[in-house]
2 protein chains.
Amino acid sequence: MAKNGTIVEKRKPMTARELARMIGVSQSAVSRAFTPGASIAPDLREKILRFAEDVDYHPNAIASMLSKSRTNIVGIVISDMQNPFYPALIEKLSRALQRVGLQSLLFNITRGANLEEQLSALRRYNVDAVIIVSATILSGQTLRWATEDRAAILINRVAEDAELNCVICDNAEGARAIADHFHETGRRRVAYVAGLSHTTTNRERQNAFITRLAEHGMTLSALIDSGEYSYYAGRNAALGLLERGGTDAIFFANDILAAGGIDALREAGARVPEDIAIAGFDDISMAGWPHYGLTTFRQPVDTIVDVAITMIEDGSCAPGQTPGIRRISGELIKRSSTVGPDAT
Amino acid sequence: MAKNGTIVEKRKPMTARELARMIGVSQSAVSRAFTPGASIAPDLREKILRFAEDVDYHPNAIASMLSKSRTNIVGIVISDMQNPFYPALIEKLSRALQRVGLQSLLFNITRGANLEEQLSALRRYNVDAVIIVSATILSGQTLRWATEDRAAILINRVAEDAELNCVICDNAEGARAIADHFHETGRRRVAYVAGLSHTTTNRERQNAFITRLAEHGMTLSALIDSGEYSYYAGRNAALGLLERGGTDAIFFANDILAAGGIDALREAGARVPEDIAIAGFDDISMAGWPHYGLTTFRQPVDTIVDVAITMIEDGSCAPGQTPGIRRISGELIKRSSTVGPDAT
DNA sequence: GCCAATCTTGCATCCGTATGCAATGCGCGC
DNA sequence: GCGCGCATTGCATACGGATGCAAGATTGGC
């Protein structure tokens with residue numbers, strides 16, 4: 001009744017040569033059968049593929065990579081999975097890559113000194129392209145090192161000192177939309193809460209916002225650098241503003257900050273939006289929850305992903321091509337945190 | 001003034017042979033210099049490594065994979081990035097893998113028919129191991145197919161029909177802890193809200209919870225299958241229970257459901273925990289936010305990750321080894337959703 | 001000072017697939 | 001019926017590094 005006691009040896013997968021010998025053709029034929037567009041008679045291909053299916057042969061991707069020097073792997077560098085915006089982006093990105101036959105090698109980097117060590121595999125693995133997702137952690141120098149001689153795209157961050165392709169939401173447009181919206185809804189003394197103030201996304205949002213406030217003749221009641229893009233940083237910033245007084249609207253640099261802000265204000269007894277209107281940026285799913293009803297500028301994530309994939313597929317992000325910055329338009333989503341529950 | 005107009009050709013990376021010829025040694029020597037423990041004189045290794053650094057030589061990982069038939073890549077299969085628990089887990093997992101020199105190839109699968117197609121790369125890429133994270137989507141059959149002849153670990157799900165290694169939080173322990181806690185805090189008519197009722201995690205939590213209620217002589221006032229592990233599903237379930245009445249505590253199968261439940265109840269005018277106590281499962285970061293203050297059973301994520309990594313490193317999840325289920329103890333985290341703000 | 005044991009090193013080959021080139025076969029036009 | 005041209009196919013080799021084996025270099029023992 002027992003299975004025989006011999007060690008179950010891991011059976012080595014079949015190779016193209018073995019398959020070829022079984023069928024009585026050359027290894028080249030097998031290779032061609034699996035290569036779309038290769039020069040091979042349709043019936044032979046059919047026959048080989050059928051045979052392959054029977055014996056469960058699959059081409060070894062590693063060997064293929066070596067001879068084609070193409071891996072079909074895209075490295076994705078990310079550093080902040082705490083902000084729900086990024087997991088959502090990664091999910092869409094990896095699915096879109098998969099749809100065009102590319103795999104995602106994930107590099108989750110940690111703030112610290114040994115960044116090059118963390119990214120060393122990125123170079124040794126010969127990924128076809130690198131997508132760097134808001135790696136606020138990477139300095140311009142590391143950025144250049146990581147993307148040297150390699151197709152690369154930055155998402156949600158622009159490269160300042162390096163010449164790199166960037167796909168990014170039009171942060172200025174969004175910040176202006178928020179400012180306009182505050183203006184239209186009668187807010188006049190407005191505060192801005194930065195996440196990491198030195199990041200390019202923050203600077204773009206902040207500058208455009210402040211400029212637009214001035215154009216409307218509104219008052220910038222406060223400018224706070226919360227130090228990080230986190231829920232608790234948002235809470236602290238909001239409480240500080242509440243205590244100080246003189247603010248009737250706050251634009252948080254992103255939604256997770258804004259969520260903290262809304263909760264903290266309400267717990268402290270302030271009414272949102274009656275006393276203080278709140279707006280964020282990104283439109284993470286939480287922003288749409290009834291509890292938050294957060295007015296925010298929706299990042300065009302789908303388009304951003306599409307553009308990035310297209311650049312990888314058509315090679316326009318390959319080294320040697322002239323890099324450029326693609327700014328994608330977003331959309332203002334008005335919710336109850338600025339216009340009250342009636343307008344929802 | 002313009003740079004010369006020649007096409008910038010992508011300079012091909014140097015090979016071990018070229019490096020060897022430059023130094024005047026054999027290619028083998030170079031290979032050995034980069035192979036820890038290889039038979040090579042210390043000074044020669046030193047010399048080669050120094051030279052390599054100078055000319056920026058890095059061993060080609062693809063070629064190495066081919067000859068060693070080891071990729072140092074672990075495939076991570078995931079399907080639900082919406083629940084914040086999973087991004088947090090993925091983040092820790094990928095960092096831990098990176099720490100031991102393994103890369104993470106991400107497979108973000110979508111519910112649907114062509115699962116094998118989505119996972120086909122998993123087999124062709126010869127990953128050293130597969131970690132399947134709560135792939136509630138995968139049937140036992142697909143599971144077996146995906147892990148065939150391959151080191152594999154399931155996290156947060158047990159395999160029922162396949163013989164696979166599982167690392168999982170002790171769901172029954174957690175459910176009992178919640179039941180005990182409800183009992184101690186005077187709750188008597190308790191409801192359970194399932195996520196996907198057929199998932200193994202749900203069944204374990206549900207069965208243990210109901211059993212413990214009975215042991216305490218408490219009433220199971222309702223058993224709801226919310227249909228998915230989502231915020232909105234939690235809202236709907238909670239509102240249904242509130243309308244029906246007769247429930248003074250609800251155990252949601254996970255935190256994201258519970259968060260929806262808390263919000264919906266409060267919006268409907270119920271007091272949490274005075275009228276209804278709420279508990280969840282996972283301890284996602286949101287559970288600790290003051291707004292939620294969610295009592296929950298904390299999954300031992302760090303330990304789960306450690307155990308999984310260890311199994312990969314010591315080969316105990318390799319094919320041929322006897323698979324087993326590792327249940328890791330978690331911890332009840334009491335917060336204001338059950339014991340009121342005083343106890344916080 | 002000589003020989004054996006050990007450490008180093010290089011040579012040759014392998015890993016499994018892709019592909020340029022040459023050879024073969026087939027079809028078609030005249 | 002012959003010849004040209006295209007479609008197929010196989011052969012040989014490349015991709016870049018790992019490694020068994022044997023030769024060469026060192027060291028130590030007596």
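Below, chain A is the first sequence line, B the second, and so on; all start at residue 1. For the numbers below, each heavy atom of this structure counts, side chains included, while hydrogens, waters and symmetry mates do not.
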Hey, does [X] reach any base, or is it just sugar-phosphate, or nothing, if we go heavy atoms under 4.0 Å?
{"X": "Ser64(B)", "value": "sugar-phosphate"}
{"X": "Leu44(A)", "value": "sugar-phosphate"}
{"X": "Val25(A)", "value": "sugar-phosphate"}
{"X": "Thr15(B)", "value": "sugar-phosphate"}

Could you say whether Ala63(B) or Arg45(B) is positioned toward the 5' end of DNA chain C, judged by the nucleotide with the nearest heavy atom to each?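 Looking at DNA chain C, the more 5' nearest nucleotide goes with Arg45(B).
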
Residue whose closest nucleotide on DNA chain C lies nearer the 5' end, Ala61(A) versus Pro42(B):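 The answer here is Pro42(B).
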
Report the nucleotide, chosen from [options], that has the shortest atom-to-atom distance to any side-chain atom of [X].
{"X": "Ser26(A)", "options": "dC11(D), dT19(D), dG16(C)", "answer": "dC11(D)"}
{"X": "Leu66(B)", "options": "dG17(D), dG10(D), dG16(C)", "answer": "dG16(C)"}
{"X": "Ser39(B)", "options": "dT8(C), dA18(D), dA18(C)", "answer": "dT8(C)"}
{"X": "Ser31(B)", "options": "dG17(D), dT9(D), dG16(C)", "answer": "dG17(D)"}
{"X": "Arg32(B)", "options": "dT19(D), dG10(D), dA12(D)", "answer": "dT19(D)"}
{"X": "Gln27(B)", "options": "dT19(D), dT19(C), dG16(C)", "answer": "dT19(D)"}
{"X": "Ser67(A)", "options": "dC11(C), dC15(D), dG16(D)", "answer": "dC15(D)"}

Looking at Glu148(A) and Arg144(A), is there a salt bridge between them, counting it only when a charged N and a carboxylate O are closer than 4.0 Å?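 No salt bridge links Arg144(A) with Glu148(A).
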
Side-chain donor-acceptor contact under 3.5 Å, [X] with [Y]:
{"X": "Asn126(B)", "Y": "Thr71(B)", "answer": "no"}
{"X": "Ser79(A)", "Y": "Arg111(A)", "answer": "no"}
{"X": "Ser139(A)", "Y": "Thr142(A)", "answer": "yes"}
{"X": "His58(B)", "Y": "Asp56(B)", "answer": "yes"}
{"X": "Arg70(A)", "Y": "Asn72(A)", "answer": "yes"}

Distance check needed: [N] [atom2] versus [X] [atom1], whole Å only.
{"X": "Asn60(B)", "N": "dC15(D)", "atom1": "CG", "atom2": "C1'", "answer": "9 Å"}
{"X": "Lys68(A)", "N": "dT19(C)", "atom1": "NZ", "atom2": "P", "answer": "6 Å"}
{"X": "Met65(B)", "N": "dT17(C)", "atom1": "CE", "atom2": "P", "answer": "16 Å"}
{"X": "Arg17(A)", "N": "dC11(D)", "atom1": "CZ", "atom2": "P", "answer": "11 Å"}
{"X": "Arg124(B)", "N": "dG16(C)", "atom1": "CZ", "atom2": "C1'", "answer": "14 Å"}
{"X": "Phe34(A)", "N": "dA18(C)", "atom1": "CZ", "atom2": "P", "answer": "10 Å"}

Please tell me if Tyr125(A) has a side-chain N or O lying less than 4.0 Å from either OP1 or OP2 of dG16(D). no

Respond yes when some side-chain nitrogen or oxygen of Tyr57(A) is under 4.0 Å from OP1 or OP2 of dT17(C), and no when none is. yes

When only distance counts, do a donor and an acceptor, one from the side chain of Ser28(A) and one from the base of dC11(D), lie under 3.5 Å apart? yes

